[in-house]
Structures are given as C-alpha cells and as structure tokens.
Amino acid sequence: MSDFNTIKDGIEDEFLLGNLNEEQRRAVTHEGSPLLILAGAGSGKTRVITTKIAWLISKKGIRPENILAVTFTNKAAREMRSRATALNPEASWAVIKTFHSFGAKFLRQYGFSAGLSPNYTIYDDDDSAALLRQAETGLSAFQTPAVMQKIDRAKNYCLEYDNPDLALMDPDPDFASVFRKYTERLRKSGNVDFGDLIYLPVKILRENPGIKEDIHRQFSVILVDEYQDSNIAQFELLKELVGPETYLCVVGDDDQSIYSFRGAEVSNILTFTENFPGAEIIRLEKNYRSTPEILRVASEIVSNNDGRLGKTLYTECPSGKKPVLAFLTSQEVEAEFCAQLIQQAFEKGHPYRDWAVLYRTNAQSMSFETEFIKSKIPYTVIGSLKFYEREEVKLALSLLSFIFNRRDEVAFFKLLRKTVAGVGATTCAKIQMEFERLTGEAGGDSVDYLSAAENIVPKLKKAGENLSAFVSSVRECISELKAAAEKETGENLSGFISGVLEKSGLQDFYKNREEGTGASRALSMTELANAAVFYPFSIQGLSDFLEQIRLDREAASDNRETEEISDRVTLITLHNTKGLEFKRVVITGLEEGLFPRDDKTGEALEEERRLMYVGCTRAMKRLYLTSCSVRRIYGSIQPGRPSRFLYELPPDGIKVLGSPPSSFSAFCKNAIEEKALAEKSGRTGVPLEEKSAVTGKEGLHSDLVLKWKKGVTVFHDDYGYGIITKTYFSGDDPDESEYVILVHFESGGEKKFMPEYQGHTLMIVKD
DNA sequence: CAATTCGGGATCTGC
DNA sequence: TCCCGAATTG
C-alpha cells in the first residue's frame with residue numbers, strides 16, 4: 001500500500017474512531033461472528049451503530065445497499081439514517097427501515113408467492129377489527145377488539161390458525177375457527193394487517209429457498225437496533241434473513257424492554273448467544289448523557305427489578321443538581337408547575353427545546369397543551385394520533401385505499417355507510433352477497449366491489465341513484481390515476497387527492513354537514529392532500545403514500561414541517577422517548593394507578609419500572625418528577641397516592657417540593673435515619689452535600705411573603721374556605737428553597753401550598 | 001333506514 | 001365526562 005493510502009487510512013480511522021472509547025471501538029471494528037452489543041442507557045449506542053455503518057462502507061468495502069439496518073420506530077430509523085449519512089454520505093443508500101416497513105417492502109416484491117398482489121394496503125387495528133366483525137364470526141362489537149388482539153398476538157408469535165401450538169396460547173376451541181375466518185376474509189380483501197408484515201415474510205422465506213437466497217445475496221450485513229423489543233415473529237424473520245455469510249450485529253438493553261404488551265420477548269436478547277452460536281457480547285457501560293445524580297436515581301429504581309442481565313453504568317459527566325420531586329394537588333397545577341419551570345429556565349437562557357414533558361398516556365397531554373397555550377410556551381406533541389384518528393381523515397384514507405385496491409371491503413363499506421345516503425347494513429349485506437356470488441362465478445382476484453355494487457343497483461329504490469353515482473365517481477378517479485400512470489405527468493399526488501375528495505363528494509359531505517360548526521373537517525382533508533406533495537402522481541406514488549401513512553403516524557401529522565426548526569418544548573409519552581435525550585426532563589403523573597397502572601403485577605409491573613428507568617435516563621442535566629394528590633379520571637376527580645416508584649428513590653438523592661403525603665415523609669425520614677445509623681456504625685457512606693451560591697430568589701419571594709401572610713383567609717375551588725395558619729421556607733438554602741403556606745380549611749383538613757407555583761388555585765378573600 | 005335515546009365502558013403503551 | 005353501540009321509534 002502506498003504511503004498516501006496509509007495516511008488516508010489513518011485519517012479515516014481517526015475521523016471515525018477517534019472519539020470512541022475502547023468498548024465502542026471494539027464494537028465498531030468487530031467482524032466475523034454474530035455480535036450482541038449490550039448498551040446501557042446513554043452509552044453511545046446510536047453512535048456505535050452509525051459509525052459501524054460508515055466503517056463497513058469506507059473501510060471494509062461493503063456496498064451500502066448490502067447493509068440492512070432495522071429499527072423499531074420510524075423516528076429511530078430517521079435518526080439513524082441522518083447520523084450515518086453525516087459520517088459517510090454513501091450511507092444514504094443503506095437500507096434503514098423499521099421491521100414493519102421492511103416487511104411491507106418485501107411483500108410488494110415477493111408477496112405474490114403467498115398469493116398477495118402488490119397493490120395491497122395495510123389495515124390498521126380498527127380496520128382489522130372491522131373486518132373481523134364483518135367476517136361472520138358472530139362476535140359482538142364488545143368482543144371484537146379483544147379477539148383481534150389475540151389474533152395479533154398469535155401473529156407476533158408466528159402462529160397461524162392451523163398451528164397446533166395455538167392451543168397453548170389460548171385454550172378456547174372457537175378461537176382457531178374465528179382466526180381462520182378472519183384470515184380467509186383478509187386474504188380475499190387482498191390486504192394485510194400489521195402482524196402480516198412480519199409473519200408473511202417469514203412464511204415466504206421458509207417456503208421459497210430461491211427468494212431466501214436472493215435476500216442472503218442482497219444483504220451481507222444486518223444490524224438490529226433496540227433488540228430487546230423484538231418479538232418472536234421478528235426473531236424468526238431475522239433467522240431467515242441471516243444467511244451463512246451474513247454478518248449479524250444486534251444492539252439492545254434488557255433494562256429498556258418496554259414493549260412486551262405487543263409481544264416483545266426479552267428472552268430474544270437473553271438467549272442471543274444460544275440462538276446464534278459463536279456470538280460475542282460487548283458491553284457498553286459508560287454513560288455519556290446524564291449527571292451522576294440522575295444516573296443514581298435511575299439505577300436505584302431499576303435495581304428493584306429481578307431478571308436482569310445486570311449492568312453497572314458509570315459516568316464521568318460533571319455533577320449536577322439533585323433530581324426534584326414535586327408533590328402537587330391537581331393536574332392543572334402540575335401543568336402550571338411545568339410551565340413555571342420552563343419559563344423560569346427560559347428567562348435564564350435555556351431554550352424551550354431543552355425540555356421534554358413525559359407522561360404515561362397520550363390523554364395526559366391535554367392539560368399541558370392548555371396550560372402552555374395560556375402561558376405562550378411553544379410546544380410540539382410527539383406521537384399524538386389526533387390527525388390520523390380523525391374520522392374524516394380515516395374516511396379519506398379509506399377512499400384512497402379503495403381506489404388502490406378495489407377488493408378492500410372494510411374501506412368500501414365504511415365509505416358507503418358513512419357517505420352514501422340511503423345505504424345501510426341491509427344494502428351492504430346485499431353487496432357482499434353479490435360479491436361472493438361473482439367470486440364463485442369468476443373466481444380469483446378479478447371481482448371487485450364496484451361491479452358487485454353496480455349489479456345490485458337495479459334492486460334498490462332511492463339508494464340506488466346515490467350508490468351508482470358514488471360508483472361512477474370512484475371509477476372516474478381510477479381511470480384518471482391509470483391515465484397519469486401511463487403518461488408520467490411529473491405532477492405530484494396532491495392535486496389528484498384533492499380531486500378525488502372533491503369528486504367523491506367527501507369534501508362536500510363534510511362542508512354541508514358542518515355549516516356553522518367551524519368546518520374543520522373539510523379542512524383536514526385539505527391537509528391530507530397537502531401531505532402528498534412529496535409523492536409523484538402515479539400508482540407507485542399512491543402506494544408509497546398510503547404505506548407511509550399507515551406505518552408512520554408522524555408522517556400524517558399536521559405540525560411536522562415546523563418540528564425541527566423551531567424552539568419548542570416536547571410533549572411526549574414515555575414509550576415514545578426511547579432513544580431520545582433532552583437536557584431537562586419532567587416525568588409527570590407519578591401516581592399509583594396511572595404510572596404504574598393499577599392492574600400491573602409481576603412482569604408487567606417490572607416493565608412499568610423499566611419504563612420509569614427509560615424516562616429518567618433521557619435526562620442529561622435536570623430531572624423533575626411530579627405527582628398529584630388528585631386527578632381527573634373519566635371526568636370525575638379521584639384521589640391518588642404517590643406512585644410506588646417514588647418509594648424506590650433514594651431519599652437523600654432527591655429534593656422534595658410541595659406537600660408530600662405523610663406516608664412519603666415517613667418513608668424519607670426512615671430511610672435517612674437508617675442511613676445515619678449505618679454511617680454511625682462505621683459504614684462508609686459518602687455524605688451528599690450541596691453548597692449553592694446565594695442568588696436572588698429572595699426578591700421573588702418577598703412579594704409572595706407579603707401577600708400570603710399568616711391569618712389571611714383564602715378560598716380553594718376543591719377545598720373551600722380556609723385560613724393560613726403557618727408560613728415558612730422549605731429549606732435553609734435561599735436559592736433552593738420554596739415559600740410554603742399551611743392552610744386550615746373550614747372543611748377540617750390542612751393543606752400545604754407553594755404560592756409560587758400554586759398561587760392561582762387559591763383566592764385571597766380577606767387579609 | 002335514519003334519528004333519538006340510553007347505558008355502559010373507557011384511556012395504556014405503537015408498528 | 002364523553003363516546004360508542006344497541007335498542008327503540010318513526
């Protein structure tokens with residue numbers, strides 16, 4: 001090798017490997033045997049994978065299109081692609097996809113060998129349930145979703161209706177036959193459900209050695225991220241994709257397994273070395289993200305779990321402030337508390353984008369949205385389903401899906417029932433019967449619902465006109481699409497979609513129905529059309545657009561265009577934060593029953609705890625935890641107790657604000673006394689002390705002190721009239737302290753309040 | 001077949 | 001509290 005090349009190599013090495021620690025470097029440059037990277041939270045996992053992709057391309061001469069990198073979320077896939085491409089532009093040609101989108105692409109190409117035509121669309125949970133309902137199973141509307149879930153679970157375990165192992169999963173003898181009916185109906189529709197996106201590729205690969213060889217030739221490297229969240233079907237798929245020459249590398253963390261509700265099996269990661277013989281393990285235990293204070297809290301919590309591989313995370317990050325635990329009254333106060341924190345930090349120069357507010361359920365986002373709008377804090381809600389879930393958007397998508405696949409019965413009947421006047425259950429049943437008859441006559445895929453509907457038009461009275469108008473407008477759209485496909489107009493899909501919505505009458509349908517009600521529904525269909533500007537006006541374009549929308553809800557959301565650019569607080573579910581990090585994190589709703597939910601025990605409870613661990617380890621600099629004493633559930637106000645996870649915190653490792661219930665104060669007191677005792681008896685405990693500079697919080701306090709004085713009469717919406725009986729500061733340190741007032745209510749109870757955060761919930765009646 | 005009423009259940013988490 | 005499905009009625 002020439003000197004020049006040696007030098008060039010050296011520079012490349014330095015560029016790619018220079019900033020890695022020894023373990024990371026080993027992981028990146030590892031070759032040969034299968035590799036499991038056990039990567040603790042914040043240990044630079046994504047950096048390792050992306051560097052590995054760049055490394056393989058530039059140093060090992062692997063062509064990017066021969067690299068398959070699989071993730072679990074679209075967000076992670078996007079992140080991986082952009083970071084790998086930043087390291088090596090060629091990485092943009094690598095196949096970086098979620099398991100499901102990989103499966104979808106595979107089925108477009110190879111689905112024919114399982115009798116699936118390429119113009120399928122993907123049924124979401126609701127569509128699948130609707131199909132199950134239509135499949136003459138005799139299930140009530142009430143039972144259907146539960147049975148659908150079981151079917152989905154079976155597919156997650158790679159079990160078809162005729163698999164004898166199904167009985168192990170569910171002893172109900174009827175289940176297999178319901179499952180069979182559903183499957184037959186689904187195949188007839190020409191569509192697939194989410195489970196099929198994994199299950200069918202496995203089946204095809206098992207039954208078609210030729211296809212399998214193709215795939216093995218195509219992918220010489222397979223990387224899997226978040227391996228702890230893979231389910232059995234995904235594991236089986238992986239086994240089929242990995243050929244004798246394939247280099248396999250999976251990355252995961254058993255402590256962050258949070259998707260068992262959707263079939264994830266931690267056992268996949270625990271038994272990796274058995275399933276892929278000769279596999280090596282590399283552990284990444286150095287955390288680059290969080291302060292030692294945050295890491296301590298996170299580790300203490302997760303250490304309450306059994307059944308871990310066990311890792312010892314350490315960090316060299318500089319010390320920071322103790323995580324703060326705030327006991328608040330209601331979710332409104334909780335939202336206000338967050339707003340205060342964020343606003344105060346903003347005034348000190350910390351941008352909004354530093355912040356993430358985490359919650360267990362999407363429904364919780366509302367109080368934060370309301371409050372943030374009020375206090376003019378810009379925010380973005382991640383993973384909210386709002387846009388996609390809107391009735392009119394679903395209906396519009398059904399229409400587009402139906403244009404793409406005319407055997408989609410769920411879409412067709414949904415459209416008829418909702419938009420065509422005079423058509424109800426009876427007419428739909430007639431059309432279905434006619435469809436069956438035609439299928440019996442002609443057989444195969446040649447029959448569609450349009451012809452079936454047309455055939456019965458003569459048998460109808462008034463509804464017939466509407467129905468035939470609907471059918472011909474759909475036919476018009478279809479021929480328009482076909483014409484465009486032949487001409488290759490170069491236009492984008494957006495115009496076509498507006499046209500379809502117009503012609504079908506869907507746009508007018510909502511316009512008319514919503515006169516005076518602020519016609520937002522008609523508007524969101526325009527938004528849907530706008531979302532399609534990046535897709536070409538062709539059959540392929542429509543197919544891609546529909547697939548993208550089914551598999552990536554964010555893609556259909558209406559606020560994505562501004563998401564990256566501007567300075568906003570992130571509102572996000574705990575599940576969605578996987579793989580993300582923020583300087584400042586608030587984990588909200590830490591109440592028993594909400595987080596963890598009260599029906600969780602055993603392994604499910606441990607998973608909740610892991611979720612808590614994931615949440616804590618997202619934080620780089622500051623971590624806040626909030627717990628409310630009352631919460632509105634199903635509209636009524638419910639009293640709550642602090643989450644059990646709060647009792648797993650190290651009391652000397654956190655700072656408590658607000659008014660903790662007595663049980664929690666007792667817990668802290670005990671723990672601290674125990675610790676003191678232990679220290680006294682000679683154990684070497686490291687005293688955790690903090691000295692902070694005296695800065696001007698007093699100025700802020702002086703107003704409060706003057707306003708909220710002893711003897712003042714106040715009124716509270718929930719507790720009624722009361723009188724302030726005591727005032728004090730929560731600690732000695734003026735900067736860290738909060739001004740607290742004790743209120744004695746007429747109703748008998750005593751409550752502590754922090755006027756700084758909760759002033760608005762109290763009204764001063766008389767000084 | 002559409003409109004109205006009534007009652008029960010819900011909200012996890014996501015591809 | 002609110003939404004959806006089933007039942008009731010015109």
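Each chain gets a letter, A, B and so on, in the order its sequence line appears, and its residues count up from 1.
Using a 4.0 Å heavy-atom distance criterion, Lys155(A) is classed as making no nucleic acid contact. In this structure, Arg417(A) reaches neither bases nor backbone, as no heavy-atom distance under 4.0 Å exists between it and the strands shown. Among the heavy atoms of the strands lying under 4.0 Å from Thr427(A) are primed sugar atoms or P, OP1, OP2 only; no base atom is included. At a threshold of 4.0 angstrom between heavy atoms, the contacts of Phe72(A) are confined to the sugar-phosphate backbone, with no base atom among them.
Taking the six-membered ring where the residue is Trp, the centroids of Phe435(A) and Tyr449(A) are separated by under 6.0 Å. For Tyr259(A) and Phe261(A), the gap between ring centers is short of 6.0 Å.
Remark: Asn362(A) is in phosphate contact with dT13(B), judged by side-chain N or O atoms under 4.0 Å from OP1 or OP2. Thr573(A) has no side-chain polar atom (N or O) that falls below the 4.0 Å cut-off from OP1 or OP2 of dC12(B). OP1 and OP2 of dC15(B) both lie 4.0 Å or more from every side-chain N or O belonging to Asn231(A). Within the 4.0 Å cut-off from OP1 or OP2 of dT13(B), not a single side-chain nitrogen or oxygen of Asn576(A) is found.
The separation between Asp152(A) atom CG and dT13(B) atom P is 16 Å, rounded to whole Å. Note: CD1 (Ile232(A)) to P (dC15(B)) measures 20 Å, nearest angstrom. If you take CG of Leu580(A) and P of dG14(B), they are 12 Å apart, rounded to a whole angstrom. Going from atom CD of Glu226(A) over to atom P of dT13(B) covers 19 Å, rounded to whole Å. Regarding Lys578(A), its NZ atom lies at a distance of 19 Å from the P atom of dC12(B), rounded to whole Å. Atoms CD (Gln149(A)) and C1' (dT13(B)) sit 11 Å apart, rounded to a whole Å. Put simply, CZ on Arg550(A) is 18 Å from P on dG14(B), counting in whole angstrom units. The separation between Ile633(A) atom CD1 and dG9(B) atom P is 18 Å, rounded to whole Å.
Both geometric conditions, a ring-centre gap below 5.5 Å and a plane tilt below 30°, are not fulfilled together for Phe99(A) over the base of dC15(B).
Interface remark: the Arg262(A) side chain does not form any donor-acceptor pair with the dC15(B) base, using a distance-only criterion of under 3.5 Å. Evaluation of atom-type donor-acceptor distances gives no pair under 3.5 Å for the side chain of Lys75(A) against the base of dC15(B). Side-chain N/O atoms of Asp125(A) and base N/O atoms of dC15(B) include a donor-acceptor pair closer than 3.5 Å.
With hydrogens and angles left out, the side-chain atoms of Glu265(A) and Asn231(A) include no donor and acceptor closer than 3.5 Å. Using modelled atom types, one finds no donor on one side chain facing an acceptor on the other under 3.5 Å when comparing Asn191(A) with Ser189(A). No hydrogens or angles considered: nothing links the side chains of Ser398(A) and Ser401(A) as a donor-acceptor pair under 3.5 Å.
Comparing dC15(B), dT13(B), dA6(C) by their nearest atom to the side chain of Arg133(A) picks out dA6(C).
The nearest heavy atom of DNA chain B to Val423(A) and to Glu607(A) marks one nucleotide each, and the one closer to the 5' end goes with Val423(A). Toward the 5′ end of DNA chain B lies the nearest nucleotide of Lys430(A), the other residue of the pair Arg597(A) and Lys430(A) mapping further downstream.
A donor-acceptor distance shorter than 3.5 angstrom exists from the side chain of Gln364(A) to the backbone of Arg360(A), with no hydrogens or angles considered.
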